[in-house]
Amino acid sequence: MAAIIAGNTVSAQVTPSPLPSLKSISVPEPDNLGDFVKDKVAAIKLGKTLFWDMQVGSDGVTACASCHFHAGADNRSKNQIAPGLLRINPDGTENPDAVFNVGGLPNYQLKPEDFPFHSNDVSSSQGIFNSKFVDVTPGNAQDQVTNEPDPVFNVGGVNVRRVEPRNTPTVINSAFNFRNFWDGRAQNIFNGVNPFGLRDPNAAIAKAENPNKLEFVKVSLKNASLASQAVGPPLSSFESSADGRTFQEIGDKFGRIDKRSLSAGKGKKLPRKLAKKLLPLRPLGKQVVHPQDSVLGADSRSPKPGLKDKTYGQLIQDAFKPEWWKSNRLIQVDAEGRRTFVKKPDRSLETNEYTLMEYNFSLFFGLAVQLYESTLIANDTPFDRFLEGNTNALTSEQQLGKQLFEGKAFCIACHVGSELTAASASNVAKEGRIKRAPFPPNSPEDTGFFNIGVRPTTDDPSLGGNDAFGNPLSEARLAQLGKFQLLLGENPPTFNPPLNSTEPVFADGTFKAPGLRNVELTAPYFHNGGNATLEQVIDFYNRGGDLGLLPPLGLSPEEKQQLVAFLKGLTDERVRYEKAPFDHPQLFVPNGHPSGSSTSVINDGTGKATDSLLEIPAVGKNGGSGTPNFLS
């Protein structure tokens with residue numbers, strides 16, 4: 001059985017080979033991790049703390065977890081709409097659409113009848129207010145910022161929180177992905193600095209040969225796309241950072257935040273200011289940690305907030321080798337980005353003078369968060385128990401749905417292997433990073449990325465776009481340009497016929513295929529969040545998508561329900577009820593803004609709308625009642 005989906009060739013056996021349970025699949029990890037991490041348990045503790053700490057955000061409110069607190073994703077439904085900001089013209093030039101088709105204005109409360117979407121609006125996650133970074137105050141959770149008028153995310157001239165232009169995918173099981181983010185920009189190789197791996201020629205950190213001697217070094221950790229992903233949001237003016245928050249690399253003026261990639265622009269900025277702010281603070285100082293937290297329980301101060309005894313500096317020292325944080329020298333960065341090693345002065349440091357620990361904070365942040373997220377593996381589902389030989393683990397209806405998944409419904413074309421995604425590290429190792437379609441026109445494509453016709457490619461080019469340095473995100477296009485080895489660190493695959501520089505590549509409008517475990521819990525669906533239920537998703541595929549790029553499936557109403565039943569068999573109940581390792585500290589998430597009417601919000605006196613905060617209570621290793629699903 002085979003089909004060409006929007007140029008991407010996918011194939012599946014009608015009777016697939018037996019799969020092993022996900023429990024038997026190793027989580028990818030850098031082979032040189034030991035060069036940096038001295039205690040993995042301590043690094044996981046640091047990573048969980050950083051991931052859930054609201055003090056990380058410029059506003060002292062926004063944590064990584066603010067968009068990943070419900071089954072690793074986001075169940076909020078107010079102020080969660082973004083217009084088509086990633087829209088481009090046919091020639092590739094930017095053409096953002098600022099019109100809110102759903103609800104008419106930001107701060108809208110989504111309703112079930114709004115779905116499925118029929119516009120370029122996106123249901124995503126609210127981040128921060130539009131603001132310009134000034135400086136940090138060490139020991140203060142809130143950065144010094146100036147509020148900037150927001151031409152898009154405002155109601156009656158009052159700024160509301162900005163919303164990401166793509167739907168939030170779950171972080172659970174994301175450790176299996178070869179690349180991360182929908183467009184794959186978080187590289188498999190982590191450079192210790194930003195999401196772009198070897199694509200950034202200037203990314204470097206500092207290393208202490210001894211406490212009195214520093215040098216700049218380039219680092220490369222394979223199987224570390226989660227670390228690459230983790231350092232993206234602290235640099236994003238949508239997600240958690242005021243614009244211009246972080247310092248730049250040597251020789252560069254301050255770069256802009258690229259609104260299309262949502263990451264550092266040409267300035268190649270580093271979150272050193274974040275380190276200067278966080279290191280004096282009590283970790284999780286605004287949040288209660290459950291005394292039975294599976295990772296942090298021994299350090300809980302419950303009912304008081306935060307961790308006892310340990311500072312962020314001590315957590316870093318416990319986790320990482322001293323050559324990355326211990327030095328008697330400072331790194332001084334001037335206004336032009338020039339870096340100089342100097343002796344520590346007998347005075348308080350200026351905010352442009354960095355200890356080695358501060359300077360290398362992006363390395364610690366990325367690797368620690370990756371190691372924590374690598375514990376978030378949902379592999380105890382009815383489906384996994386069925387694969388282990390328990391034939392009663394799936395109901396008869398779910399088993400019929402599994403047969404459809406692997407056959408008539410053709411889901412297995414993109415959701416292959418035990419990880420249920422063609423974008424997994426194991427599938428990329430098997431298939432190669434790029435391949436040729438086996439049917440005419442035999443065009444090259446990136447493994448694990450597909451255009452299924454959710455929206456026109458001009459709404460969001462995704463993998464068809466460029467990185468922050470002007471190079472294609474598509475690895476097939478890098479091979480055409482002769483840049484594959486330089487920017488990806490390995491020789492390109494050979495093809496017959498050979499790759500030529502002018503043939504079309506299937507990349508525009510293609511997105512990373514997500515894994516499907518816990519899909520019952522992670523609505524809304526697709527990269528645009530345009531479908532609210534599994535039934536709507538199955539209807540989408542059954543009609544051949546919305547752009548005619550998929551073959552219609554001809555499923556009966558009974559077969560559609562069997563498929564939905566099977567997808568619900570992919571839920572790990574530990575995730576639903578937040579049992580270890582999916583337990584977590586208390587969290588307060590922005591949940592839209594109180595409004596005087598549908599066309600007004602309450603000004604907090606600074607030009608920003610007053611926040612509504614939703615408490616997500618602390619949960620220990622034994623779990624709780626879970627949080628409601630989207631629109632439930």
- Message: Is it the case that the side chain of D39 and the backbone of A42 share a donor-acceptor pair, with hydrogens and angles ignored and the cut-off at 3.5 Å?
- Response: yes

- Message: Can you see whether F129 has R162 sitting over its ring - NZ or CZ less than 6.0 Å from the centre and within 45° of the normal?
- Response: no

- Task: Verify, without hydrogens or angle tests, whether N210 (side chain) and K213 (backbone) share a donor-acceptor contact under 3.5 angstrom.
- Result: yes

- Message: Under 6.0 Å between ring centres: does that hold for F469 and F196?
- Response: yes

- Query: Does atom NZ of K430 have more than 12 heavy-atom neighbours, drawn from other residues, nucleotides or ligands, at distances under 6.0 Å?
  - Reply: no

- Query: Do any N or O atoms from the side chain of T510 and from the backbone of A507 form a donor-acceptor pair under 3.5 angstrom?
  - Reply: yes

- With a 6.0 Å cut-off on ring centres, are F190 and F36 close enough? no

- Would you call L356 and R329 a side-chain contact if the rule is heavy atoms closer than 4.5 Å? no

- Item | Y312 and D53 side chains, donor-acceptor separation under 3.5 Å | yes

- Query: Does K38 make a cation-pi contact with F320 (under 6.0 Å, within 45 degrees of the axis)?
  - Reply: no

- Between D318 and K310, does at least one N-O distance fall below 4.0 Å, as a salt bridge requires? yes

- Message: Does S225 form a side-chain hydrogen bond (donor to acceptor under 3.5 Å, both in side chains) with N180? I'd like the steps, not just the answer.
- Response: CA-CA 6 Å; S225 68; N180 269 290; 2.8 Å; yes

- Hey, does the side chain of K286 reach the backbone of A141 with a donor-acceptor pair shorter than 3.5 angstrom? no

- Message: Between W52 and Y372, is there a side-chain donor-acceptor contact under 3.5 Å, judged purely by atom types and distance?
- Response: yes

- In plain terms, say whether R433 and E475 are close enough for a salt bridge, that is, a side-chain N and a carboxylate O under 4.0 Å apart. yes

- Query: Should D460 and P165 count as side-chain neighbours, where that means a heavy-atom distance under 4.5 Å?
  - Reply: no

- Side chain of T170, backbone of I172: donor and acceptor closer than 3.5 Å? yes

- Query: Got a salt bridge between D293 and K48, using NZ or NE/NH1/NH2 to carboxylate O under 4.0 Å?
  - Reply: yes

- Message: Any side-chain to backbone donor/acceptor pair from D467 onto G470? Under 3.5 Å, distance only.
- Response: yes

- Minimum side-chain heavy-atom gap Q126-P590 below 4.5 Å: yes

- Using a strict 4.0 Å threshold on nitrogen-to-oxygen distance, state whether D334 and R339 make a salt bridge. no

- Give a yes-or-no answer on whether the side chains of D74 and Q80 include a donor-acceptor pair shorter than 3.5 Å. yes

- Query: Looking just at side-chain N and O atoms, do D200 and N191 make a donor-acceptor pair shorter than 3.5 Å?
  - Reply: no

- Query: Are H584 and F69 side-chain neighbours, meaning at least one heavy-atom pair lies under 4.5 Å?
  - Reply: no

- Query: Just wondering, do V171 and F51 contact through their side chains at under 4.5 Å, heavy atoms?
  - Reply: yes

- Task: Check for a donor-acceptor pair, side chain of K277 on one end and backbone N or O of Q55 on the other, with a separation under 3.5 Å.
- Result: yes

- Query: Can D59 and R161 be counted as an ion pair, charged N to O under 4.0 angstrom?
  - Reply: yes

- Will you find, in the side chains of N147 and N130, an N or O donor that is under 3.5 Å from an N or O acceptor? no

- Give me the ring orientation class for F511 and W182: parallel if the planes are under 30° apart, tilted from 30 to 60°, perpendicular past 60°. perpendicular

- Would a 4.5 Å heavy-atom cut-off, applied to side chains only, mark N427 and E419 as touching? no

- Query: Side chains of E373 and Q229: closer than 4.5 Å at any heavy-atom pair?
  - Reply: yes

- Please determine if K276 and E353 form a salt bridge, counting it only when a charged side-chain N lies under 4.0 Å from a carboxylate O. no

- Would K23 and D380 pass as an ion pair if we require N to O under 4.0 Å? yes

- Query: Are the side chain of K40 and the backbone N or O of A319 linked by a donor-acceptor pair below 3.5 Å?
  - Reply: no

- Message: Which residue in the set N466, L486, L478 passes side-chain contact (heavy atoms from CB on, under 4.5 Å) when paired with N471?
- Response: L478

